[in-house]
Amino acid sequence: MKLDVLRRYRAQLEDVMRMDLFLLRQRLQDAETEAQLHETSMKSTTDAYLAKVGRGVALDDFLVWQSRLTAETARLVEVKRVEGEIREAWNQKQHALREAMQDRRTLDRLAERMRQQRLLVENRIDQMETDEAASRTRAM
């Protein structure tokens with residue numbers, strides 16, 4: 001495989017990873033927002049529950065509140081779990097992008113080195129041709 005083809009492939013791979021990272025970041029922000037909303041809801045439910053309990057509450061009301069708190073806690077735990085999974089996927093994609101960028105930079109440096117070597121050889125050939133032409137001119 002030619003180096004230029006490989007470099008273009010790595011650049012495309014990098015672009016795809018950047019897009020994936022962007023989409024994961026959006027999902028992560030959505031999950032963070034959802035978690036904050038659930039935390040706020042949980043806090044208000046807890047505050048309302050504590051206010052009611054302070055005045056006394058019937059057993060039926062207590063069971064309803066307990067059920068509500070349990071459900072909100074379960075939703076919050078699930079939202080936090082999803083947020084953690086997305087954050088981990090984002091971190092992994094970020095790491096993969098850094099590696100891809102490093103690989104591309106390595107290929108870019110290799111291509112530059114090869115270009116410089118090619119120019120050096122071309123310059124030597126030109127110099128040899130110039131020297132040969134000059135020696136022929138002197139010989140005449």
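One is the number of the first residue; the rest follow in order along the sequence. This structure is a prediction, so every number in the text was calculated from the model and none was measured.
Follow the hydrophobic side-chain contacts under 4.5 Å out from F22 and you never reach L28; the two are in separate clusters. L24 and M101 fall within the same hydrophobic cluster, where Ile, Leu, Val, Met, Phe, Trp and Tyr residues are linked whenever their side-chain heavy atoms come under 4.5 Å apart, directly or through other members. Under the 4.5 Å side-chain heavy-atom criterion for grouping Ile, Leu, Val, Met, Phe, Trp and Tyr, L21 is connected to L13 within one hydrophobic cluster.
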Audit row: D30, Q26, side-chain hydrogen bond (donor to acceptor under 3.5 Å, both in side chains) steps and yes/no: CA-CA 6 Å; D30 291 345; Q26 285 182 325; over 6 Å; no
Criterion side-chain contact (heavy atoms from CB on, under 4.5 Å) on E129 and I125, from CA distance to verdict: CA-CA 6 Å; E129 289 173 351; I125 291 171; 3.6 Å; yes
Candidate pair R7 and L3, rule side-chain contact (heavy atoms from CB on, under 4.5 Å), full reasoning: CA-CA 6 Å; R7 286 175 59 212; L3 184 60; 4.1 Å; yes
Verdict with reasoning, E32 to Q36, per side-chain hydrogen bond (donor to acceptor under 3.5 Å, both in side chains): CA-CA 6 Å; E32 288 170 343; Q36 287 174 345; over 6 Å; no
side-chain contact (heavy atoms from CB on, under 4.5 Å) between K2 and V5, worked out: CA-CA 5 Å; K2 291 191 174 202; V5 172; 4.2 Å; yes
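At a threshold of 4.0 Å, the pair R10-E14 does not count as salt-bridged, since none of the basic side-chain nitrogens sits closer than that to a carboxylate oxygen.
Remark: K80 NZ to H38 NE2 distance equals 11.0 Å, nearest 0.5 Å. Separation of atoms CE (M17) and CG (D20) is listed at 8.0 Å; rounding is to 0.5 Å. Here the CD atom belonging to Q94 is positioned 9.0 Å from the CZ atom belonging to R25, to the nearest 0.5 angstrom. Rounding to the nearest 0.5 Å places CG of L97 at 9.0 Å from NZ of K93. Atoms CG and CZ, from L6 and R8 in turn, are 10.0 Å apart once rounded to the nearest 0.5 Å. Rounding to the nearest 0.5 Å gives a distance of 10.0 Å between CD of E34 and CZ of R75.
Counting only N and O atoms by type, the side chains of D131 and Q127 include a donor and acceptor under 3.5 Å apart. Using a 3.5 Å distance cut-off with no hydrogens or angles, the side chains of Q102 and R105 do pair a donor with an acceptor.
Atom CZ of R109 has more than 12 heavy atoms from other residues, nucleotides or ligands within 6.0 Å.
Remark: the backbone N or O of D126 is paired with a side-chain donor or acceptor of T130 at under 3.5 angstrom.
Minimum heavy-atom separation, A35 to E83: CB-OE1, 3.5 Å.
The closest side-chain heavy-atom distance from R87 to N91 is below 4.5 Å.
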Tabulate below the donor-acceptor pairs under 3.5 Å that side-chain atoms of residues 46-69 make, not counting sequence neighbours, or state none.
unit_1 : atom_1 : unit_2 : atom_2 : d
T46    : OG1    : M42    : O      : 2.7
D47    : OD2    : K43    : NZ     : 3.1

